[in-house]
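Worksheet for the structure shown next.
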Amino acid sequence: MKRTVAMVAALLLLITACSSDDESSTTTTTTRDQAPSTTEGLAPGTVTVDAWAETFCGAFSNWRSGIENVGPRAEANLSSATSQSEARDSVVALLDEALVLTTVLIDEVEGQDPPDMDGGEGVVAAFTDTFQGFVGLIETSREEVEAVEVESDSFGQQMKAIYADFQNDFAAIGNLFAEIDRQYPDPEFQLALTDACGL
């Protein structure tokens with residue numbers, strides 16, 4: 001039981017750290033005076049980069065806060081679990097909540113028009129593809145957790161192995177903002193994300 005609690009606590013710390021690293025990885029020297037935003041001459045079906053960034057960053061902030069809030073509650077549930085079955089159910093509940101939060105984020109990002117910039121649709125696709133990848137990781141981990149026999153003597157070891165696989169696969173998500181900057185080096189867009197997300 002103690003090993004299971006430690007495994008889930010580490011998972012929660014990883015998710016929180018990676019979402020925080022996403023924000024801190026973006027760097028830019030552009031100033032607002034250098035890259036003014038305007039609503040004039042917008043391409044059809046687009047929004048200003050400032051408007052897009054504000055909506056995205058609001059959704060991303062809600063996602064991050066939700067993920068962070070899952071941790072203390074899940075760890076408390078695990079600490080009070082009286083059986084391996086109850087512990088496994090707590091892990092599944094954690095993954096289910098993370099899945100819902102991530103699906104909501106994807107829907108909100110896809111639900112608005114792309115930013116008016118070169119490659120605007122690609123920017124949206126890059127963000128959504130990254131979080132769709134996270135959905136896949138959650139679903140795979142959930143299936144693996146549910147497949148663990150609660151009466152197995154190796155229950156703790158199996159749960160730790162699932163976490164290790166999840167950690168290795170999820171590590172690539174940590175550089176999300178930096179990768180977007182690299183693919184779409186638009187100073188105005190980078191500055192809009194910096195301002196709206198508080199980077």
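No hydrogens, no waters, no symmetry mates; every other heavy atom, side chains included, goes into these values.
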How far apart are the closest heavy atoms of [X] and [Y], and which atoms are they?
{"X": "Ala51", "Y": "Gln112", "answer": "O-OE1, 4.1 Å"}
{"X": "Glu108", "Y": "Ala59", "answer": "OE1-CB, 2.8 Å"}
{"X": "Arg88", "Y": "Glu146", "answer": "NH1-O, 3.2 Å"}
{"X": "Ala126", "Y": "Ile180", "answer": "CB-CD1, 3.2 Å"}

Among Gln157, Gln84, Gln158, which one satisfies side-chain hydrogen bond (donor to acceptor under 3.5 Å, both in side chains) with Ser152?
-> Gln158
Looking at Leu94, Thr140, Val92, which hits side-chain contact (heavy atoms from CB on, under 4.5 Å) with Val145?
-> Val92
Can you name the one residue among Thr48, Leu193, Val49 that meets side-chain contact (heavy atoms from CB on, under 4.5 Å) with Glu188?
-> Val49
For [X], is the [atom1] atom crowded, meaning more than 12 foreign heavy atoms sit under 6.0 Å from it?
{"X": "Asp118", "atom1": "CG", "answer": "no"}
{"X": "Glu144", "atom1": "CD", "answer": "yes"}
{"X": "Glu149", "atom1": "CD", "answer": "no"}

Report yes if the side chains of [X] and [Y] come closer than 4.5 Å at any heavy-atom pair, otherwise no.
{"X": "Val148", "Y": "Ile162", "answer": "yes"}
{"X": "Met117", "Y": "Val123", "answer": "yes"}
{"X": "Val109", "Y": "Phe131", "answer": "no"}
{"X": "Phe189", "Y": "Asp116", "answer": "no"}
{"X": "Val124", "Y": "Pro115", "answer": "yes"}

So, [X] side chain and [Y] main chain: donor-acceptor pair closer than 3.5 Å or not?
{"X": "Ser83", "Y": "Glu86", "answer": "yes"}
{"X": "Thr46", "Y": "Leu42", "answer": "no"}
{"X": "Ser61", "Y": "Cys57", "answer": "no"}
{"X": "Glu121", "Y": "Pro114", "answer": "no"}

Spacing of [X] atom [atom1] and [Y] atom [atom2] [to the nearest 0.5 Å]:
{"X": "Arg142", "Y": "Leu137", "atom1": "CZ", "atom2": "CG", "result": "15.0 Å"}
{"X": "Gln190", "Y": "Tyr184", "atom1": "CD", "atom2": "OH", "result": "13.0 Å"}
{"X": "Leu101", "Y": "Ile106", "atom1": "CG", "atom2": "CD1", "result": "11.5 Å"}
{"X": "Thr130", "Y": "Leu105", "atom1": "OG1", "atom2": "CG", "result": "10.5 Å"}
{"X": "Thr55", "Y": "Asp113", "atom1": "OG1", "atom2": "CG", "result": "10.0 Å"}

Would you please say whether a donor-acceptor pair under 3.5 Å links the side chains of Thr128 and Gln132?
-> no
Can you find a side-chain donor-acceptor pair between Gln183 and Glu179 that sits under 3.5 Å?
-> yes
According to a 4.5 Å side-chain heavy-atom criterion applied to Ile, Leu, Val, Met, Phe, Trp and Tyr, with indirect links allowed, do Phe60 and Val100 form part of one hydrophobic cluster?
-> no
Path from Phe127 to Val104 over hydrophobic side-chain contacts below 4.5 Å = no
